[in-house]
Each structure stands twice: as C-alpha cells, then as structure tokens.
Q: 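One structure, as structure tokens, below. Some questions next.
All of these numbers come straight from a predicted model, not from anything done at the bench.
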Amino acid sequence: MTERTRRSPGDVVRPVRDEVLADAEEFQRWWTQRHRSGTFEVTKVPFADLDPWSFDLSTGNLSHASGRFFTIEGLQAETGGVALRTQPVINQPEIGLLGIVVKTLDGVLHCLMQAKMEPGNINTLQLSPTVQATRSNYTQVHRGHRTRYLEHFLGADRGEVLVDVIQSEQGSWYWRKRNRNMVVHVAGEVPVTDDYRWIPLPLVYDLLRVDNLVNMDARTVLSCIPPGDAIAPHDHDDDREDDRALHGLGEILSWLIEAKTRCDWSTRLVPLRDVSGWRRTEDEIADPDGRHFRIIGVRVAAGNREVTTWRQPLLAPYGPGLAAFVLSRINGVPHLLVQARPEIGLLDMVEMGPTVQLLPGEDPSSVGHPLLKEIALGGLGRPRYDATLSEEGGRFYHATTRYQVIEVGEDFPVDVADNFRWVSLRQLMTLLRHGHYVNIEARTLLACAQAVL
C-alpha cells in the first residue's frame, strides 16, 4: 500500500508579509497549498526489504546498521523474580529535541510552526514544532541536510528560553523514552520558508480542536508553555486560586511519590527472540490476540526532509485509544481528576495520567469504577473537548487516540480512590516545569484544555 501527496521541490523564503497567518482562513489556504505542492510516498514492505535495518542473529533485535536511531527489542515485566508479561518495545535511548520558536507580534505570542510529513501520520502532513528531531538526526548520522532552526535552541546566540524540560513519552510502547521540550523567544528576524509559518498562539490552540491536525510533538511542547506566556483559562487571573485548590502542591507530590514507591513490579529489556506468544511473519510481528499492536516495515520518500528516501520499522496499533480528563469546578477553581498510572516503559514507573486512559484493544466496559466506566462509555458528564488526535508519526503507524475533557457537576464525588487525586489546572501546569510527573497523554489534554477553558 502506498500513500501519496504532492510537493514541489525545494523551499522558498517568503516575503515578511506572507510569513504570518492571522486567522483560520489564511491558515487553511496555506495548509491546502502544502498538501498540493509535492509528492510523498509511504509503502509497506516486508522485513527482508528493510535494509539497512535487520534482525540480529543472536538477540533477534531489529536495529539499524549504524547502531543509532532506535531498536525494536523485548521488554519483560516481573514481580518477585516472576515474569508477568513480555512484549516488543521501541528502545531509543538518546534524548531528542522538540522545540518551538516564539515571537511577540503586535502584543500577541506567535509560534513558528511547521507543516511536517511523518511516515506514520494518518494524513501525511501535520502541524509540528519548529524543530522535531532525534539526536541522531540533528547530529546528521543520516548524512542528510542540517536540521533547520536548530541554532535557536542549541546555538550560543539562542533566544530567551521560556521552557526547557525533559519529558517522557508513551510508556506502553517505548522503553524509557524522553525528549527535551523547549520554547525559545526571539526578537530578531527569522527567515521563513514555505513549510513554516508564524501562527498566533490562540489560533494554534483553536487548531487543536481539529482531528489529526496538530501533532503529538507540538502538543507536548504547547502544554509546557507557562500560563503567563499563554492564553490561559480565566481562573488563572485569580491570585488566590492556589489557596482554593482542594490539595496543596506538596500534598500532591507526596501522593505521587507514595504511588511510585508502592509499585511492586520491575521491568527490563530482553532479547526480542525471548518475547513469548508474539508471532513473526515476513511482514509483521504481531500480538497473539491481534488486538493491541504489531511491528511493520515501510519505505518512505519525502522531498522536503533532511533525507529524501529511507526505510524503517513502525509500531502499528490495531485501533484508537482513549484518554479522558474529568473536569470539576471545586471552590470555583477548575480541577482535573488525575490517576497515578504505572506504565511498563516509564523511567520512573508511575506518572500522573488522565482520569481514564485506554490503549487500543482495551475494553471501556472493563474500567473498574462505575462512574469512570460511564465516562469511558460516553454516558456521563458534558464534553468540553472531544477530538481524535494522532500519536507520534515518526515511530507509530496510524496511531490515534480520542481525547476528551468531560465536565461533571457538583454531584460527582470529591472523595476518590487512593490512586486518584483532584489537581487544579494551575498545579498541573506548575508540575510541567519538571520531568516524570505528567505523562504524554495528560500533557496533550492540558494543551487541548487551553482551547476550551
């Protein structure tokens, strides 16, 4: 199967008047032109046609000939020395860079955003950060072109750093994966090419309402922008909000640390050949029930990337996931119900996740708490946000999650089970200044909440 869109060769630096997209209509014209202006191809191929990727004869791991980028290995969870489960996992030990350059124009913060193709994107192009690159890519292991705008994040003359934090990614599919999330404010001129535009931050938040438009890497960076530099919920204007939060920040941190210490299982990498129950064919490595995910290979052609053709494996879920936050206004302050969620691939084992988080293949009716089961099944609360968004297209093939923010009334209980806590929106954004507190799905929802609160 091959997917194609059109693109003309080369990028053209635009006149200054054309660099800013002032509203949704101007954005749509630019976005349509990007889709029409060139050719991309993504074709599924068997593992035998995945050179320079190959299976190691001794471990069975799937890796690149350079020894860089990432590998497909096995992951085993165990407790007391007894194995609980094994599965394939993406091991990418290097820390990549996700960065957005911002600039103040007419008193409004604007983001330099990119129309970027990734091989696993369900619709090829998605709105992406200024820089989205693994360390292998921006150090040019691929021997391709230099990563554009990298100097604004790593150079000696970079701008004012608003955000600089290392955050985790999907703990169910990655082994201890982390990326550096950065936002840098610039004052001078920045040359802008066809694939990039300055977009007002309020418009970026509005675009989060559109299915499969703003990619995962942009969402995680957007979630980390401090409220003072963003279009924040009105309640953030109240200096007394912290005094009216249900729990103090120290209490929340102690609760999370306690949850981490209670996690009684451990994980370790094992050779891919030792993953039991998964079947390997010429074209895929698939879970025994055919419900969760499989590993496939693709051949890619993309005229505007640092390297124009390559091959790679991708993790392909069998269906969409679900991530939902319950929102309640407690003492007049918006609170989100978070869960202390353990995930097999997280560095710290447990992070704060959405109220309900289901992976592909997980049945919503299996949610234990009756009220949360109703939310998972769509029968409780008022949807404030509801969109299907793609996960990281550089590693996952057509992976999507339905993201929801569900507001409940005063009849929803404030007292919750030990693995849940009500945390105010401002408190969660404060915690985003640090890594390993809030998982990637919760961060996406925090970015999306800016569009509706």
Side-chain angles (χ1 to χ4, degrees), residues 223 232-236 238 240-263 321-343 349-359 362-387 401-432 437-453:
S223 75
H234 296 302
D235 296 85
H236 285 176
D238 189 345
R240 297 172 300 168
E241 177 188 318
D242 290 341
D243 295 334
R244 293 183 287 123
L246 189 61
H247 304 287
L249 193 58
E251 182 183 352
I252 292 166
L253 286 172
S254 181
W255 163 78
L256 179 62
I257 292 169
E258 175 67 21
K260 292 175 186 283
T261 61
R262 284 200 311 264
C263 188
L322 172 67
F325 258 140
V326 171
L327 166 70
S328 181
R329 297 183 186 274
I330 302 172
N331 300 326
V333 174
H335 283 68
L336 296 167
L337 184 58
V338 306
Q339 64 166 306
R341 179 179 171 84
E343 292 185 280
M349 302 301 290
V350 178
E351 294 184 4
M352 283 183 276
T355 317
V356 176
Q357 183 176 329
L358 299 176
L359 295 171
E362 291 186 315
D363 185 357
S365 64
S366 66
V367 176
H369 193 289
L371 290 179
L372 300 186
K373 181 187 296 185
E374 278 195 66
I375 287 171
L377 294 171
L380 185 68
R382 178 169 70 100
R384 297 295 306 276
Y385 178 89
D386 192 346
T401 302
R402 184 181 181 184
Y403 285 98
Q404 296 179 303
V405 177
I406 306 295
E407 185 164 5
V408 295
E410 294 180 357
D411 55 337
F412 195 91
V414 173
D415 294 330
V416 292
D418 285 345
N419 59 320
F420 291 88
R421 276 295 183 277
W422 290 105
V423 182
S424 78
L425 194 56
R426 171 176 275 182
Q427 288 172 331
L428 273 175
M429 291 180 170
T430 298
L431 292 172
L432 286 177
Y437 285 164
V438 184
N439 76 5
I440 181 68
E441 290 82 6
R443 296 200 306 275
T444 278
L445 283 169
L446 284 173
C448 296
Q450 301 283 11
V452 298
L453 296 180

Q: Hey, are the side chains of Leu337 and Ser328 touching, using non-hydrogen atoms and a 4.5 Å cut-off?
A: no

Q: Examine distances only and state if a side-chain atom of Ser223 and a backbone atom of Leu446 form a donor-acceptor pair shorter than 3.5 Å.
A: no

Q: Examine distances only and state if a side-chain atom of Thr430 and a backbone atom of Arg426 form a donor-acceptor pair shorter than 3.5 Å.
A: yes

Q: Distance-only, no hydrogens or angles: does the Arg341 side chain make a donor-acceptor pair with backbone N or O of Pro354 under 3.5 Å?
A: no

Q: With no hydrogens and no angle check, is any side-chain donor or acceptor of Asn331 less than 3.5 Å from a backbone partner on Arg244?
A: yes

Q: Between atom CD1 of Ile406 and atom CZ of Phe325, what is the distance when rounded to the nearest 0.5 Å?
A: 12.5 Å

Q: To the nearest 0.5 Å, what is the distance between CG (Asn439) and OG1 (Thr444)?
A: 9.0 Å

Q: Take Val367 and Ile375 through the side-chain contact (heavy atoms from CB on, under 4.5 Å) test and state the conclusion after the steps.
A: CA-CA 10 Å; Val367 176; Ile375 287 171; over 6 Å; no

Q: Is there a donor-acceptor pair closer than 3.5 Å between any side-chain N or O of Trp422 and the backbone N or O of Asp415?
A: no

Q: Quick one: pull up OH in Tyr403 and CG in Leu322 and give me the separation to the nearest 0.5 Å.
A: 10.0 Å

Q: Does the Gln427 side chain pair with the main chain of His247, one donor and one acceptor, at a distance under 3.5 Å?
A: yes

Q: Of the non-hydrogen atoms in Arg402 and Asp386, which two are nearest, and what is the gap between them?
A: NH2-OD2, 2.6 Å

Q: Where the side chain of Thr261 meets the backbone of Glu258, is there a donor-acceptor pair that is under 3.5 Å apart?
A: yes

Q: Lys373 and Ser365: which non-hydrogen atoms are nearest, and at how many Å?
A: CE-O, 3.1 Å

Q: Drop me the distance from Leu372's CG to Leu380's CG, to the nearest 0.5 angstrom.
A: 9.0 Å

Q: Please round to the nearest 0.5 Å and tell me the distance separating atom OH of Tyr437 and atom CG of Leu256.
A: 7.5 Å

Q: Please examine the side chains of Val326 and Val356, heavy atoms only from C-beta on, and report whether any two atoms are closer than 4.5 Å.
A: no

Q: Quick check for you: to the nearest 0.5 Å, what is the distance between Glu407 atom CD and Leu336 atom CG?
A: 10.0 Å

Q: Is a donor on one side and an acceptor on the other found under 3.5 Å between the side chain of Arg384 and the backbone of Leu327?
A: no

Q: When you measure from the side chain of His335 to the backbone of Val333, do you find a donor-acceptor pair of N or O atoms at a distance under 3.5 Å?
A: yes

Q: Which pair of non-hydrogen atoms, one from Leu377 and one from Pro364, has the smallest distance, and what is that distance?
A: CD2-CB, 3.6 Å

Q: What is the minimum heavy-atom distance between Val350 and Cys263, and which atoms define it?
A: CG2-CB, 4.1 Å

Q: For residues Trp255 and Gln339, report the shortest heavy-atom separation together with the two atoms involved.
A: CH2-C, 4.1 Å

Q: Judged by atom type as modelled, is there a donor-acceptor pair below 3.5 Å linking the side chain of Ser424 to the main-chain atoms of Ala245?
A: no

